[in-house]
There are 2 protein chains.
Amino acid sequence: MARGVTGAAPSAPRRGPSAAAQHRDIPQATVTRLATYLRVLGVLADEGALIVSSEELANASGVGSAKLRKDLSFLGPNGVRGVGYDVARLRARIESALGLDRGHRVVLVGIGNLGRALAGYGGFDRRGFSMVGLFDRDPACVGSTIGGLTVRDVTELADSCRDLEATIGVIATPDAAAQDVCDQLVGAGLRCILSFSPLALEIPDHVEMRRVDLAMEMQVLSFNMARNTPPDEQRNPQAAAASAAVGASTRNGSVIRP
Amino acid sequence: MARGVTGAAPSAPRRGPSAAAQHRDIPQATVTRLATYLRVLGVLADEGALIVSSEELANASGVGSAKLRKDLSFLGPNGVRGVGYDVARLRARIESALGLDRGHRVVLVGIGNLGRALAGYGGFDRRGFSMVGLFDRDPACVGSTIGGLTVRDVTELADSCRDLEATIGVIATPDAAAQDVCDQLVGAGLRCILSFSPLALEIPDHVEMRRVDLAMEMQVLSFNMARNTPPDEQRNPQAAAASAAVGASTRNGSVIRP
DNA sequence: GTCTGTGAAGGGCTTCACAGCT
DNA sequence: AGCTGTGAAGCCCTTCACAGAC
């Protein structure tokens, strides 16, 4: 039986059968953070930074510096002692480790409110993903153009995935259609699926799935607030003001520039 | 200094100063899964199920049965040995534990593509959240109506949050505005923020934040695929077919019905 | 002196196996 | 007989502290 949910709290003990790639030994938790570091490094690079220390990068990423160094150490030696990390070099190293240097091609199924938002979101290209196909079942939607792509009928999905050489499928359909679409994506040979349906979809072991469930995020938020707010309900507006004054930590500090 | 990122891999060791609530002792990982169980229980209830066993609920949620029982045990005794769990009762118990029985009121800032999708998403009401305010900076957008709510100018944000008695703020603005909006939400007294900006926003300790970063989800997906696909690239379409035949596990099984 | 890389200690979560109730 | 609740073992991850390179 296939496990369906990976979601936000993955505990996949599953390992590939062969031990070829170095990837194998990177902890799941570290992988998630590597993606964060990559994003922050992008901001630093845009600002013209050349070298960054573990402390600075850690602060900007919201983690401790020791944890950051440990995380990076899984990729091998990346920095220079007494100096710091070369921004461009580290960035390339992480991209390579995450497999982003091959350029993923994304197909999106379900062009409702959310699908339209995803199709129009420009942030993907900047981070190594290109949207290559849009699909929907509604004839009123098929044929329309979003972000330079024409929406196709979902019946063409499997064939198109192969033609487009897609590597990632995104499911943004209503819940009732999610499993069916998922099966088609899997049948077409995709091994990466990102689902916005709250349902736990059935997938074979060789397919990787992540789920984004917005209502669930809010529920966890709700609990954590309750946990941090014992009945003695302290109003403390000046803590907010103090923190607000700090500003984005990527903008100050002693980052080396050209 | 405040840590900004909680995100998908939270490790917040932070604890409330007083130890009043029972909440305190529930592991973070368990909280995340409780939200999943709650969703599955909702589906079961809709189907008319009265009693469910740990094994069935676990399968439908994508976790092991032992883990599920352990998770539920943090809420105290909830089932009947030799029988199973009362669906309605367990559902109410989890809702109460997550603090969802008080009805959260949500304000959304940033009515772009994503914001519009969120505003129009019907799934929130069904799960105990009601959208009570929409805000944007663009005069062309302010005044329009989405899902029965009129978009207000973001300058009214702080005052409106208080008037509307909002408890959760959602940030769906462009990155450049995110920190500013965040500060305003915090200043208005909100203690729960859900951000769709990839930036690590600065918040004071008493505020709980979760971040949803779509590009990051895809990056993690990309890596996990690479990890599970050693160079010997095995095509295995029949695994897909086998799994597809299983169907949603909430639909079969020996769930007790009226 | 500064900052990275890392063994070792510690904590939290998962898994196992079974005691206990119906 | 069946299923829940739970101590205990084991594992993974985080944190600490320092050796090592510059």
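Letters A, B, ... mirror the listed sequences (proteins, then strands); counts begin at 1. Because only heavy atoms are used, hydrogens play no part in the values below, and waters and symmetry mates are left out as well, while side chains stay in. What you see is a predicted model, and the numbers here were worked out from it, not measured in a lab.
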Practice task
State, without any angle test, whether A:R211 and A:S195 hold a side-chain donor-acceptor pair at a distance under 3.5 Å.
Solution key: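 Looking only at side-chain atoms, A:S195 and A:R211 do not form any donor-acceptor pair under 3.5 Å.
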Problem - Donor-acceptor under 3.5 Å (B:S61 side chain, B:L57 main chain) - result: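 A pair under 3.5 Å: yes.
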Problem - Taking every non-hydrogen atom, the tightest pair across B:L98 and A:S222 - result: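 In terms of heavy atoms, the two residues are closest at O-OG, 2.9 Å.
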Handout entry: Test: B:D175 and A:R39 ion pair at under 4.0 Å
Key =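 Salt bridge absent between B:D175 and A:R39.
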If the cut-off is 4.0 Å, is [X] near the phosphate of [N], judged by side-chain N/O to OP1 or OP2?
X: A:S53; N: C:dC3; value: no
X: B:S54; N: D:dC3; value: no
X: A:R33; N: D:dT14; value: yes

Problem - Closest to the A:K67 side chain, choosing from D:dC13, D:dG5, D:dT14 - result: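 Per side-chain heavy atoms of A:K67, the pick is D:dT14.
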Practice task
Please determine, for the side chain of B:K70, which listed nucleotide (C:dC13, C:dT14, C:dG7) has the closest atom?
Solution key: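 Output: C:dT14.
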For [X] and [N], give me the distance from atom [atom1] to atom [atom2], rounded to whole Å.
X: A:L72; N: C:dG5; atom1: CG; atom2: P; answer: 7 Å
X: B:R93; N: D:dT4; atom1: CZ; atom2: P; answer: 17 Å
X: B:D25; N: C:dG11; atom1: CG; atom2: P; answer: 16 Å
X: A:I51; N: C:dT2; atom1: CD1; atom2: C1'; answer: 14 Å
X: B:D86; N: D:dC3; atom1: CG; atom2: P; answer: 16 Å
X: B:F74; N: C:dT14; atom1: CZ; atom2: P; answer: 9 Å
X: B:Q28; N: C:dT14; atom1: CD; atom2: C1'; answer: 16 Å
X: B:E55; N: C:dC16; atom1: CD; atom2: P; answer: 13 Å

Exercise for the section: Under the ring pair (Phe, Tyr, Trp, His ring centres under 6.0 Å) rule, collect the residues that match up with A:F129, sequence neighbours excluded. Expected result: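 A:H104.
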Handout entry: With sequence neighbours excluded, residues passing side chain to side chain contact (heavy atoms under 4.5 Å, CB included) with B:A178
Key =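 Per chain and number, B:A178 pairs via side chain to side chain contact (heavy atoms under 4.5 Å, CB included) with B:I171, B:T173, B:S197, B:L201.
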Exercise for the section: Take A:R127 and B:D213, measure what salt bridge (charged side-chain N to carboxylate O under 4.0 Å, His left out) needs, and give me the verdict at the end. Expected result: CA-CA 12 Å; A:R127 299 220 240 154; B:D213 182 343; 2.9 Å; yes
Please list, pair by pair, any protein nitrogen or oxygen found under 3.5 Å from a nitrogen or oxygen in nucleotides 18-22 of chain C.
from, atom 1, to, atom 2, distance (Å)
C:dG20, N3, B:R81, NH1, 3.2
C:dT22, O4', B:R81, O, 3.4

